[in-house]
Amino acid sequence: MEADNAVNQARKEVDQRYDFKGIGADVSWQGEQVLLKASTEERVRAVLDVVQSKFIKRGIDLKMLDIGDPYPSGKEFRIEIGLKNGISSENAKKIAKVIREQAPKSVKSQIQGDELRVQSKSRDDLQSTIRLLKGEDFEIDLQFINFR
């Protein structure tokens, strides 16, 4: 929902800004991806900057975006932006390995589809594990959900 709001805000700004008039700049959803269009490669990169700023303002980390390279399509240039959903299996394995090696011994983790479930009887151990994972640099944005 927040991504949809960010795309709508970016579309409004691109439509209203004077420097984007007459260059065919557009921001739109195309299925599960966001499609950026403009007449030149520099202009489409400027539209990308606007979209990224709107995502940041809506609280969506840029690590959640899978930004493609600009490519020509007829008389215009396009950039496709995909949204990452869930954790890939190799990233889940990396995170589980860090938990096994560095987290307290009472913390157990298991991969469930596109999620990584972390369990422990001690809240303090879980909180220290969250601090540990926030300190590590993974190429994805981590979100923590409490089911208690």
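Note that the structure is predicted; figures quoted are calculated from it, not measured.
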- Task: Would you give the length of the straight line joining atom CG of Leu83 to atom CD of Glu32, rounded to the nearest 0.5 angstrom?
- Result: 8.0 Å
- Message: Using every non-hydrogen atom in the two residues, find where Ala103 and Leu132 come nearest and quote the distance to one decimal.
- Response: N-CD2, 3.9 Å
- Can you measure from CG (Leu48) to CD1 (Ile67) and round to the nearest 0.5 angstrom? 5.0 Å
- Task: Please round to the nearest 0.5 Å and tell me the distance separating atom CG of Asn5 and atom NZ of Lys57.
- Result: 14.0 Å
- Message: Would you say that Lys134 contacts Ile130 through its side chain, given a criterion of any heavy-atom pair below 4.5 Å between the two side chains?
- Response: yes
- Message: Once rounded to the nearest 0.5 Å, what's the spacing between atom CD of Gln52 and atom CD1 of Ile81?
- Response: 7.0 Å
- Minimum side-chain heavy-atom gap Ile79-Asp69 below 4.5 Å: no
- Evaluate the side-chain proximity of Val51 to Val27: yes if any heavy-atom separation is below 4.5 Å, no if none is. yes
- Note on the structure: On a heavy-atom basis, the closest approach of Ser109 and Leu116 is CB-CD1, 4.3 Å
- Query: What pair of heavy atoms forms the shortest contact from Ala6 to Arg58, and how long is it?
  - Reply: CB-CG, 3.7 Å
- Message: Between Ile60 and Phe144, is there shared hydrophobic-cluster membership here, with clusters defined by ILVMFWY side-chain heavy atoms closer than 4.5 Å?
- Response: no
- Cluster question for you: counting only ILVMFWY and a side-chain heavy-atom cut-off of under 4.5 Å, with indirect links fine, are Val44 and Leu35 together? no
- Does Tyr71 reach the side chain of Glu80, with side-chain heavy atoms less than 4.5 Å apart? yes
- Output yes when Glu76 and Arg78 qualify as a salt bridge under the 4.0 Å nitrogen-oxygen rule, no when they do not. yes
- Flag yes if Ile95 and Met64 sit in one hydrophobic cluster, no otherwise; membership is Ile, Leu, Val, Met, Phe, Trp, Tyr, and two members link when side-chain heavy atoms are under 4.5 Å apart. no
- Taking side chain as C-beta onward, heavy atoms only, is Thr129 less than 4.5 Å from Pro104? yes
- Item | From CG (Leu133) to CD (Gln102), nearest 0.5 Å | 9.0 Å
- Mind checking what makes side chain to side chain donor-acceptor pair (under 3.5 Å) contact with Ser88, not counting sequence neighbours? Glu90, Asn91
- Shared hydrophobic cluster, Ile87 / Leu126 (ILVMFWY, side-chain heavy atoms < 4.5 Å): yes
- Which atom pair, heavy atoms only, marks the closest approach of Arg11 to Ser28? NH2-CA, 4.0 Å
- Message: Restricting to side-chain contact (heavy atoms from CB on, under 4.5 Å), what partner residues turn up for Lys63, sequence neighbours left out?
- Response: Asp61, Asp137, Asp141
- Counting only heavy atoms not in Lys105, do more than 12 sit closer than 6.0 Å to its NZ atom? no
- Arg131 vs Gln127 side-chain heavy atoms within contact, under 4.5 Å: yes
- Are Leu142 and Val107 linked, directly or through other ILVMFWY residues, by side chains that come within less than 4.5 angstrom of each other? yes
- Query: When rounded to the nearest 0.5 angstrom, what is the spacing between CD in Glu13 and CZ in Phe20?
  - Reply: 7.5 Å
- Query: Does the side chain of Phe55 reach to within under 4.5 Å of the side chain of Val7, using non-hydrogen atoms?
  - Reply: yes
- Item | 4.5 Å side-chain heavy-atom contact, Leu36 and Arg45 | no
- Task: Kindly determine whether Lys94 and Glu136 satisfy side-chain contact (heavy atoms from CB on, under 4.5 Å), including the steps that lead there.
- Result: CA-CA 11 Å; Lys94 288 179 190 177; Glu136 293 288 323; over 6 Å; no
- Closest heavy-atom pair and its distance - Gly82, Gln33: CA-CG, 4.2 Å
- Check: Ser122/Ser106 side-chain N/O donor and acceptor closer than 3.5 Å: no
